[in-house]
There are 2 protein chains.
Amino acid sequence: MIRVLLADDEAMIRAGLTAVLATDPGITVVAEAADGREAVELAHAHRPDVVLMDIRMPRLDGLAAAAELAGVVPVVMLTTFDEDAYVARALADGASGFLLKAADPRELLIAVRAVADGAAYLSPRVAHRVIAGLRTNELTRPATARKKVSSLTPRERDVLALVGRGLSNQEIGRELHLAEGTVKAHLTSILRNLDVQNRVQAAITAYEAGMASPPPRI
Amino acid sequence: MIRVLLADDEAMIRAGLTAVLATDPGITVVAEAADGREAVELAHAHRPDVVLMDIRMPRLDGLAAAAELAGVVPVVMLTTFDEDAYVARALADGASGFLLKAADPRELLIAVRAVADGAAYLSPRVAHRVIAGLRTNELTRPATARKKVSSLTPRERDVLALVGRGLSNQEIGRELHLAEGTVKAHLTSILRNLDVQNRVQAAITAYEAGMASPPPRI
DNA sequence: AGCCACCCCTGACGATCGTCGGGGGTGGCG
DNA sequence: CGCCACCCCCGACGATCGTCAGGGGTGGCT
């Protein structure tokens with residue numbers, strides 16, 4: 001049985017959600033909160049499997065409440081509009097789902113089941129926005145960067161990766177067992193082939209191509 | 001009536017999908033393709049509202065086919081596993097949805113309706129990955145970067161922004177009407193306050209904080 | 001007023017970077 | 001084989017960077 005906590009300041013909305021959730025015999029509403037502060041407290045008290053939380057609420061808003069519950073209980077945000085700022089903040093702050101109130105009631109059940117199962121759920125319109133965001137982040141910029149980087153020799157990519165982490169030529173030499181002069185020669189070739197003027201721009205290219213730091217791919 | 005094109009090299013899978021889609025009276029399958037090349041051709045010929053496409057297919061794989069159809073017809077990728085590389089590439093290349101074959105059949109209907117409606121759909125497990133990716137991209141790194149940057153003086157932020165675009169101290173001086181020595185002094189202060197060792201790392205911090213180029217927020 | 005903290009500006013000096021010229025190795029090709 | 005293209009390696013030299021020490025200005029506080 002999936003245990004759900006509802007948080008919405010309007011009793012009517014809570015009643016509606018309860019009614020929808022009741023159509024699924026595997027889901028039960030264990031508590032209801034009328035504001036963010038109460039939601040956080042009840043979440044700690046009841047330990048539900050999922051929290052359904054409205055964004056606009058008195059005292060503590062849904063985003064802040066979700067942030068406090070991040071890692072404790074998965075939270076699905078509910079909202080009337082798919083406003084960009086909310087989506088970005090909510091997902092960054094730890095929400096596991098984002099549901100539009102205008103959604104098909106069946107979506108609600110799927111979302112609750114998915115989130116209780118450790119997955120995540122985005123309303124189609126929200127998913128659309130997120131994907132559009134990814135596209136500009138992952139495709140347009142890095143695509144050219146990635147292409148340029150792929151034209152380098154393997155050794156040059158080794159060097160570029162370390163340049164992208166801000167290492168000096170001397171440090172890169174130590175890391176790769178090369179003389180500093182060798183590193184510089186590779187770098188000269190890198191700059192020419194990436195069509196940039198200095199190591200800072202090369203580092204940014206490396207960064208856009210996803211060569212930097214602990215790989216944050218999707 | 002939503003018109004669907006199915007693309008999967010296994011006839012059994014196509015039959016199963018057709019059966020599921022048939023349970024929704026608002027959806028009809030107008031064509032079936034057995035490989036990516038055929039899918040692209042049939043998509044242009046039939047102009048369906050949605051293409052359901054397997055990733056692994058002969059001749060042209062699903063990812064490449066989806067890329068060719070980007071902007072023409074919305075494509076939902078179907079796959080057995082939620083492999084990272086596939087998700088990232090498919091979404092970047094233009095897929096509007098990503099569905100696991102193991103999903104609840106009801107999900108398929110919701111996904112088709114959503115995508116036909118101009119939205120997007122991600123299977124819960126896929127959404128989970130995407131959100132996790134966003135989180136490391138948008139929260140953990142940039143949040144601290146932004147905080148550090150905000151501790152700088154206005155003049156230092158001016159300088160940092162130009163450093164982040166790969167300009168030399170001399171060029172920055174010209175841009176801001178400063179002597180080169182002044183730029184260097186600001187930079188020294190920047191390095192100390194950002195807690196980094198050289199301009200490359202400062203540039204990356206600037207980049208993460210969103211000071212670079214056309215802002216790519218979500 | 002005097003003091004302090006902070007910001008902005010600047011030049012000199014050692015450290016680092018980027019270019020140039022060049023050596024050695026491998027693989028494809030007439 | 002001889003030639004060419006490419007990759008990897010290296011040191012010297014001028015250009016650029018980063019630090020240090022310091023001057024001038026402003027605003028808050030006693």
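Naming: A, B, ... by sequence-line order, numbering from 1 per chain.
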Give a yes or no answer on whether the side chain of A:N198 reaches the backbone of A:Q201 with a donor-acceptor pair at less than 3.5 Å.
yes

Close residues, residues 191-203 of chain B, relative to DNA chain C [heavy-atom separation under 4.0 Å]:
none

At under 4.0 Å between heavy atoms, what does B:T188 touch on the DNA or RNA strands: base, sugar-phosphate, or nothing?
base

Please name the residue in the list A:V75, A:T79, A:V76, A:L78 that meets the side-chain contact (heavy atoms from CB on, under 4.5 Å) test with A:F98.
A:T79

Set of residues satisfying side-chain hydrogen bond (donor to acceptor under 3.5 Å, both in side chains) with respect to B:E171, sequence neighbours excluded:
B:S168

Quick check: does any side chain N or O of B:S123 sit under 3.5 Å from a backbone N or O of B:L100, one acting as donor and the other as acceptor?
yes

Between CD of B:Q170 and C1' of C:dC17 the distance, given in whole Å, is 15 Å

Strictly distance-based, threshold 3.5 Å: is any side-chain N or O of A:T182 a donor or acceptor partner for the main-chain N or O of A:L178?
no

Under the rule for side-chain hydrogen bond (donor to acceptor under 3.5 Å, both in side chains), what residues qualify as partners of A:R59, not counting sequence neighbours?
A:D35

If you define the side chain from C-beta out and look only at heavy atoms, does anything of B:I2 sit under 4.5 Å from B:R113?
yes

Mind checking what makes side chain to side chain contact (heavy atoms under 4.5 Å, CB included) contact with B:A67, not counting sequence neighbours?
B:D93

Got a sec? Which of residues 152-159 of chain A come in under 4.0 Å of DNA chain D, heavy atoms?
A:T153, A:P154, A:R155

I'd like a table of atom pairs between the protein and nucleotides 23-27 of chain C - only N or O on both sides, under 3.5 Å - with the distance next to each one.
none

B:S189: partners by side-chain hydrogen bond (donor to acceptor under 3.5 Å, both in side chains), with sequence neighbours left out
B:E156, B:N193

In whole angstroms, the gap separating P of C:dC17 from CG of B:L167 amounts to 19 Å

Sub-4.0 Å heavy-atom contacts from residues 177-186 of chain B onto DNA chain C, ordered by number:
B:L178, B:A179, B:G181, B:T182, B:A185, B:H186

Please give the stem ranges for DNA chain C, sorted by first residue number, where a stem is three or more consecutive Watson-Crick or G-U pairs and both donor-acceptor distances are under 3.5 Å.
C:1-30 with D:1-30

Do A:T205 and A:V196 come close enough that some side-chain heavy atom pair is under 4.5 Å?
yes

Is a donor on one side and an acceptor on the other found under 3.5 Å between the side chain of B:R14 and the backbone of B:E32?
no

Determine yes or no for a side-chain-to-main-chain donor-acceptor pair under 3.5 angstrom, with B:D49 supplying the side chain and B:R3 the backbone.
yes

Any side-chain N or O of B:N169 below 4.0 angstrom from OP1/OP2 of D:dC17?
yes

Can you list every salt bridge (charged side-chain N to carboxylate O under 4.0 Å, His left out) pair that touches residues 176-189 of chain B, not counting sequence neighbours?
B:E180-B:K184

Rounded to the nearest angstrom, tell me the gap between atom CG in A:L187 and atom P in D:dC9.
14 Å

Across all chains, not counting sequence neighbours, the salt bridge (Lys or Arg N to Asp or Glu O under 4.0 Å) partners of A:D158 are A:R155

Would you give me the side-chain donor-acceptor pairs under 3.5 Å for residues 41-48 of chain A, sequence neighbours excluded?
| from | atom 1 | to | atom 2 | distance (Å) |
| --- | --- | --- | --- | --- |
| A:H44 | ND1 | A:V40 | O | 3.0 |
| A:H46 | ND1 | A:L42 | O | 3.3 |

The test is salt bridge (Lys or Arg N to Asp or Glu O under 4.0 Å); show your working for A:D8 and A:K101 and say whether it passes.
CA-CA 12 Å; A:D8 195 309; A:K101 289 184 179 174; 3.4 Å; yes

From CG of B:L160 over to P of C:dC8, roughly how many Å is that when rounded to an integer?
13 Å

